[in-house]
Amino acid sequence: QVQLVESGGGLVQAGGSLRLSCAASGRTSSSYAMGWFRQAPGKEREFVARISWNGGTTYYADSAKGRFTISRENAKNTVFLQMNSLKPEDTAVYYCAAESPPTVGWGLSDRRRFGSWGQGTQVTVSS
């Protein structure tokens, strides 16, 4: 298992930006893909973005494309989510997650690929 701790959430006005960080410890997180999910009140947890183990491949939900950027610094065991042009509908608790094998048969945005989760960080976007 890998332990994940998110930070960087907060209150921001619509159109603003936030940068979330996810610090990993334990299992060598640099060997696995990482992802960000979010959960708004009364809604299911949804996929936001995924990055491959070496950062070479990224994948985004349609809602995040063009506004959010996922990146990682393996030397620091940290994954980031840069969020720009934030909208009120982006308000949610954001969770960092690490993939755990086996993942074959599940789509890149499928929660079942991810075996380790952080505690979440609240992002609130005011209109």
Side-chain angles (χ1 to χ4, degrees):
Q1 287 287 346
V2 62
Q3 291 74 47
L4 303 171
V5 179
E6 302 96 334
S7 62
L11 174 64
V12 63
Q13 288 187 335
S17 298
L18 281 175
R19 189 191 196 203
L20 305 183
S21 299
C22 173
S25 61
R27 172 172 64 102
T28 306
S29 61
S30 60
S31 301
Y32 300 94
M34 300 287 291
W36 286 95
F37 288 73
R38 67 186 183 185
Q39 187 166 17
K43 295 186 177 181
E44 292 189 356
R45 192 170 299 188
E46 65 175 8
F47 170 79
V48 176
R50 175 190 181 272
I51 188 167
S52 60
W53 71 272
N54 63 354
T57 304
T58 56
Y59 180 66
Y60 296 92
D62 288 343
S63 59
K65 288 179 182 177
R67 299 188 300 126
F68 294 2
T69 302
I70 188 171
S71 61
R72 66 191 300 165
E73 291 187 29
N74 284 344
K76 297 182 179 180
N77 290 323
T78 305
V79 177
F80 304 97
L81 185 68
Q82 176 67 43
M83 304 186 295
N84 299 327
S85 302
L86 283 162
K87 306 174 182 179
E89 50 264 44
D90 294 319
T91 295
V93 177
Y94 283 70
Y95 297 91
C96 173
E99 283 194 357
S100 297
T103 59
V104 174
W106 297 331
L108 294 179
S109 62
D110 197 313
R111 288 177 55 183
R112 291 172 292 183
R113 299 177 68 96
F114 299 85
S116 299
W117 296 81
Q119 83 290 348
T121 185
Q122 176 70 47
V123 171
T124 303
V125 184
S126 63
S127 57

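Not a single donor-acceptor pair under 3.5 Å links the side chain of Y60 to the backbone N or O of G66. The backbone N or O of I51 lies less than 3.5 Å from no partner atom in the side chain of T58, so there is not a single donor-acceptor pair. Counting only distance, with no hydrogens or angles, the side chain of N74 and the backbone of W53 share a donor-acceptor pair below 3.5 Å.
Among residues at least two apart or in separate chains, there is no disulfide bond (SG atoms under 2.5 Å apart) pair with a member in residues 37-83. Applying the salt bridge (Lys or Arg N to Asp or Glu O under 4.0 Å) test to every pair with at least one member in residues 94-107, sequence neighbours left out, gives these pairs: R50-E99, E99-R113. Pairs engaging residues 98-127 under the disulfide bond (SG atoms under 2.5 Å apart) rule: none recorded [sequence neighbours left out]. The stretch residues 32-43 participates, sequence neighbours left out, in these salt bridge (Lys or Arg N to Asp or Glu O under 4.0 Å) pairs: R38-E46, R38-D90. Residue pairs that meet the disulfide bond (SG atoms under 2.5 Å apart) test with at least one member in residues 71-115, sequence neighbours left out, are C22-C96.
L108 belongs to a hydrophobic cluster with F37, F47, Y59, V93, Y95, F114, W117, counting contacts under 4.5 Å between side-chain heavy atoms of Ile, Leu, Val, Met, Phe, Trp and Tyr, direct or through other members. Hydrophobic cluster membership for V5: none, as no Ile, Leu, Val, Met, Phe, Trp or Tyr side chain comes under 4.5 Å of it.
Atom CZ of R72 is separated from atom OG of S21 by 13.5 Å, given to the nearest 0.5 angstrom. Atom OG1 of T69 and atom CG of L81 lie 8.0 Å apart (nearest 0.5 Å). Between atom CG of residue L20 and atom CZ of residue F68 there is a gap of 8.5 Å, rounded to the nearest 0.5 Å. Atom-to-atom distance recorded for Q119:CD and E6:CD is 4.5 Å, nearest 0.5 angstrom. T57 OG1 to I70 CD1: the interatomic distance, rounded to the nearest 0.5 Å, is 11.5 Å. To the nearest 0.5 angstrom, E89 atom CD is 10.0 Å from S127 atom OG.
Under a hydrophobic clustering in which Ile, Leu, Val, Met, Phe, Trp and Tyr are joined whenever their side-chain heavy atoms come within less than 4.5 Å, directly or via other members, Y94 and L18 fall into the same cluster.
Closest non-hydrogen pair, V123 versus G9, comes out as CG2-CA, 4.1 Å. For the residue pair V2 and A24, the shortest heavy atom distance occurs at CG2-CB, 3.9 Å. Closest approach of M34 to L4, counting heavy atoms only: CE-CD2, 3.8 Å.
Scored by the side chain to side chain donor-acceptor pair (under 3.5 Å) test, S52 finds N54 as partners (sequence neighbours excluded). Remark: D110 engages R112 in a side chain to side chain donor-acceptor pair (under 3.5 Å) (not counting sequence neighbours). Partners of E73 by salt bridge (charged side-chain N to carboxylate O under 4.0 Å, His left out), not counting sequence neighbours, listed by chain and number: K76. Contacts of Q122 classified as side chain to side chain donor-acceptor pair (under 3.5 Å), with partners at least two apart in sequence or in another chain: T124. With sequence neighbours left out, the side chain to side chain donor-acceptor pair (under 3.5 Å) criterion links Q39 to R45.
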